[in-house]
Structure formats: structure tokens, C-alpha cells
> 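This is the structure, below, for whatever I ask next.
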Amino acid sequence: MTGASIAAVVALATLLLGGAFLLGRRTAPAQRTSDVGTPVEHATFETLHTASLAAPPLRAGLTEDSARRSARRLRSLLGTDALCLTDRDGVLVWDGEGEHHGRDVMEQVAGVLETGRDTAFRSGCDDVDCPLRWAVAVPLTVDNRVLGTLVAYAPRESAVLARAAGEVARWVCVQLELAELDRSRTRLIEAEIRALRAQISPHFIFNSLAAIASFVRTDPEKARELLLEFADFTRYSFRSHGDFTTLADELHSIDQYLALVRARFGERLSVTLQVAPEVLPVALPFLCLQPLVENAVKHGLEGAVTSSRITISALDAGSEAEVVIEDDGTGMDPQRLRHILRGEGGRSTGIGLLNVDERLRQVYGDEYGLVIETGIGAGMRITVRLPKYRAGVHGS
């Protein structure tokens, strides 16, 4: 759990165990062994454990499935007879006794959904066998938006239950806020990948197809091979699953890209690859290296340059893999490069470099940003360091 989640759970446990603490002090033995613990310690553990089990479903947001999977544990935290979770449109789940009360819930919580304020009410049940006579409804809010309610039911009015329901609801809100952050991060990554895909220039596609067409009559087998390379390259670049890939897959896609470029430029472009087999399984952000190679091709062959050499190495560096992409092209003014990496280079200038640098820092930390050595007329050398293992980073 995050720091916010832990703080919320501790506040919740403090409230739920406030009365039990005094009881525990009276009943605790004078000498305690570390493996037995007091009733309060056991109760604290149970509260924290139950909260930790309820958290993962809620990290998917407030849905019927997440409500169903977490409701019983939330009711266990409160120790109440029944618990209901709603969204703005209806009941998501009812857990406990008196399920017939679900028919009236949305009418009873309408004020909570409208104002965002807690409310307590009598159940109004005519069934003499039903134990549910009183309830408290608490809003579930994210960014000042009321997404739904948590409703706790009991046989009688209880100020302690009202306070506890408020604390449980606030803890649920923390999980829903984290779910929203997860979705925002996913949308950001998807937007960044869309931006990189947009960088796959229509001119590159047109020129690749033109190069393939030029071989149709003179070398049909070569044309067929290039067409297959083109199909595989575009399939990989526009795939719709996974934020991460493996170094092996990324380098394979780069090799296909370079095959298409060499078909167009012929002997003007020379490429050297040096790859250590032990780094091939290393995971990295999807489309992380291809924009750097495309940048090397662009700067290596632009202007009046008659030929260019590009060197790509992926070597073992202990706990990391080190990828270096180097060209002997026109290079770049270091001051201009700094502007690009600060996002001041314009909407189209250097978007690939900036995008890759930001994603590496986001995934691995600021110490893993791009290291770029360049100068006007001095070519460019880009170094990428990739941890061999990082939690949550797995190649698709």
C-alpha cells in the first residue's frame, strides 16, 4: 500500500480499536511473550490485514466487481449487520442481512449523492424479524466528485458506527483516488506512445514502399523480403497491448527498420550492431530505442552528407544493460539539445528524444534519463541504461 493508504488504515484502526485499547491494558498480562501478544495487538493486526485485502479490488475503481469483492471485508472492518455500496445510478452490492432494504437505498441516499454530506436515517422496515432499524450513509468522493455511497446498517442508532463508517469511507476514497491516478498514468503512457507512432513519418512509409517497388522487377526475392520486414515492423510499432517489451523484440524491430532504410540509401548507410546475448531478455518501455535510431538516421544522412555510419551496442553492465546508439552525422548544438529535453523545442522538434527521456525517468527514476554527447559536426552518442530488474516492469 502507498503512504496515503497506510495513514488512512492507521487512522481507521485507531478509531475502531480506541475502546479496545483500554480493555487490553486492563487484561494484558504483566509478562508478555513476543509470539502471543495482547488482544489489542491481535485486533490491530486483523484490522490492518482486512484493510490490505480490501484494497486491491478498489484500485480498479468503483465498479460492480470491485464492490462485490471488497464489500464483505469492509463490513468486517465495521462489524455491522449489513453494508451496501452504490454508485450514482444504483446499488452495486449488498452484503449481510436484510437484502430487501436494497429496494429503497437509492431514494434514501439521494441527498448524500447531491450534497456530499453524511446522513443517518431509520430503515423504515415493517418486518419484525429484520434486525436492521438504523443506517448511516457516507459519500465516496474523488476530486470533489461524489461517485457513490457507503451505507452501514445496524439494529440501533450508534454514534461509534457513524464515525467508523466515515473513516472506512474515507479510506475507500483513498483507494479510489489511487485508482484514478493509475488510470491517468495509463492514459499518459498511451498518449506518449501515440505521439511516438505519429513520428513514424508518412514519408518513411512512402519511401519504404517505393524502395520495395523498385526491386519488384529487378530482384523479386529481395522485394518479398523487404515487404515482410515492412509488415513486421509496422505490426510491432502499432501493436495495442503492453507498456513494456524486451530488448530482444525492440532490437529486432530496429533491425527491420534499418533494413528498409538501407534498401533506400544503399551503401550511403553503414550499420554496426554489437549485442550481448545475456541482455536480450531485459525489459524496457515499448518503442524506447526505435526513435533514437530514427534520430541517428536522420542526423546521419541529412544535408549534403554522402555517407553515414551508425553503431548500436547493447552490452552487459552488471545489474544493468547499457545501450549506446552513435552516429557520425551533423550533430547538434548542445544548447539546442537542452531546450529540446526541457520541452522547449516546439511541437515536432525532438519529440522522440524528449518522449523517451521522460518515459525512462518516469519508469526508473531521474538517474536513468538519456545521456547525450553531441556537438555541431561531431555526430551524436546516446547512452541508455536499463536496470535488469525493476518491480512492475515486465516485457510483454
Side-chain angles (χ1 to χ4, degrees), residues 189 192-193 196-197 199-201 204-205 208 211 225-265 269-301 308-329 352-353 355-360 363-364 368-373 379-390 393-396:
I189 290 174
E192 290 171 339
I193 291 176
L196 285 179
R197 285 169 173 162
Q199 283 294 102
I200 299 175
S201 168
F204 166 73
I205 294 175
S208 296
E225 291 175 0
L226 290 173
L227 195 59
L228 291 175
E229 299 280 17
F230 180 79
D232 285 343
F233 170 75
T234 53
R235 184 184 298 114
Y236 174 81
S237 299
F238 290 92
R239 75 178 193 179
S240 60
H241 63 281
D243 298 335
F244 303 102
T245 187
T246 64
L247 195 51
D249 286 344
E250 191 81 351
L251 290 173
H252 180 62
S253 176
I254 287 170
D255 188 52
Q256 293 169 329
Y257 167 79
L258 290 173
L260 295 166
V261 173
R262 285 194 296 267
R264 179 189 174 198
F265 290 103
L269 179 64
S270 172
V271 179
T272 302
L273 289 98
Q274 182 181 7
V275 180
E278 56 267 31
V279 303
L280 292 176
V282 173
L284 72 162
F286 177 60
L287 277 186
C288 189
L289 300 181
Q290 193 272 339
L292 306 183
V293 174
E294 185 174 354
N295 179 81
V297 170
K298 176 184 176 183
H299 289 281
L301 292 171
S308 176
R309 172 177 291 277
I310 295 175
T311 302
I312 303 170
S313 63
L315 304 178
D316 190 355
S319 62
E320 299 173 344
E322 184 177 86
V323 181
V324 178
I325 298 167
E326 187 172 6
D327 68 77
D328 60 356
L353 292 177
N355 189 304
V356 171
D357 183 65
E358 288 181 340
R359 286 199 294 146
L360 287 172
V363 172
Y364 301 119
Y368 285 96
L370 294 178
V371 176
I372 304 177
E373 304 165 69
M380 182 176 290
R381 176 186 172 94
I382 303 176
T383 302
V384 181
R385 291 165 46 236
L386 302 168
K388 288 182 178 176
Y389 172 79
R390 181 58 57 96
V393 179
H394 306 288
S396 298

> Under the criterion side chain to side chain contact (heavy atoms under 4.5 Å, CB included), I'd like the reasoning laid out for Glu322 against Thr383: C-alpha separation, chi angles, the key distance, then a yes or no.
CA-CA 7 Å; Glu322 184 177 86; Thr383 302; 3.8 Å; yes

> Is any side-chain heavy atom of Asp255 closer than 4.5 Å to one of Val271?
no

> Supply the atom-to-atom distance Asp327 CG to Ser270 OG, rounded to the nearest 0.5 angstrom.
12.5 Å

> Which is it for Leu292 and Leu353 under the side chain to side chain contact (heavy atoms under 4.5 Å, CB included) test, yes or no, and what are the steps along the way?
CA-CA 7 Å; Leu292 306 183; Leu353 292 177; 3.6 Å; yes

> Check this for me: Arg385, atom CZ, are more than 12 non-hydrogen atoms of other residues, nucleotides or ligands nearer than 6.0 Å?
yes

> Can Leu269 and Ile310 be said to form a side chain to side chain contact (heavy atoms under 4.5 Å, CB included), step by step?
CA-CA 8 Å; Leu269 179 64; Ile310 295 175; 3.8 Å; yes

> Side chains of Val393 and Tyr364: does their closest heavy-atom pair fall under 4.5 Å?
yes

> With a 4.5 Å heavy-atom cut-off, do Cys288 and Val356 have their side chains touching?
yes

> Please confirm whether the backbone N or O of Gly369 pairs with a side-chain atom of Asp357, one donor and one acceptor, at under 3.5 Å?
no

> Atom NE2 of His394 and atom OH of Tyr389: how far apart are they, to the nearest 0.5 Å?
5.5 Å

> Where is the tightest heavy-atom contact between Val363 and Pro285, given as atom of each residue plus distance?
CG2-CG, 4.1 Å

> If you look at every heavy atom in Lys388 and Gly318, which pair is closest and at what distance?
NZ-O, 2.8 Å

> Do Tyr368 and Arg390 make a side-chain contact, defined as non-hydrogen atoms from C-beta onward lying under 4.5 Å apart?
yes

> Parallel, tilted or perpendicular, judged at 30° and 60°: which one describes the rings of Phe286 and Tyr236?
perpendicular

> If every non-hydrogen atom of Pro281 is compared with every non-hydrogen atom of Thr246, which pair is closest and at what distance?
O-CG2, 4.1 Å

> Does a side-chain heavy-atom distance below 4.5 Å link Leu315 with Val279?
no

> Between atom CD of Glu229 and atom CG of Leu258, what is the distance when rounded to the nearest 0.5 Å?
10.5 Å

> Would a distance-only check, ignoring hydrogens and angles, find a side-chain to backbone donor-acceptor pair under 3.5 Å from Arg359 to Leu287?
yes

> Within this structure, what is the CD-CD1 distance for the pair Glu326 and Ile382, rounded to the nearest 0.5 Å?
10.0 Å

> Which atom names give the shortest non-hydrogen contact between Ala259 and Leu226, and what distance separates them?
O-CD2, 3.8 Å

> Measure across Leu289 and Ile325 and return the closest heavy-atom pair with its distance rounded to 0.1 Å.
O-CD1, 4.1 Å

> Please report the C-alpha distance between Leu284 and Thr245 in whole Å, then the side-chain angles of each, then the deciding distance to 0.1 Å, and finally whether the side chain to side chain contact (heavy atoms under 4.5 Å, CB included) criterion is met.
CA-CA 6 Å; Leu284 72 162; Thr245 187; 3.9 Å; yes

> Any idea which heavy atoms bring Leu247 and Ala314 closest together, and the distance?
CD2-CB, 4.1 Å

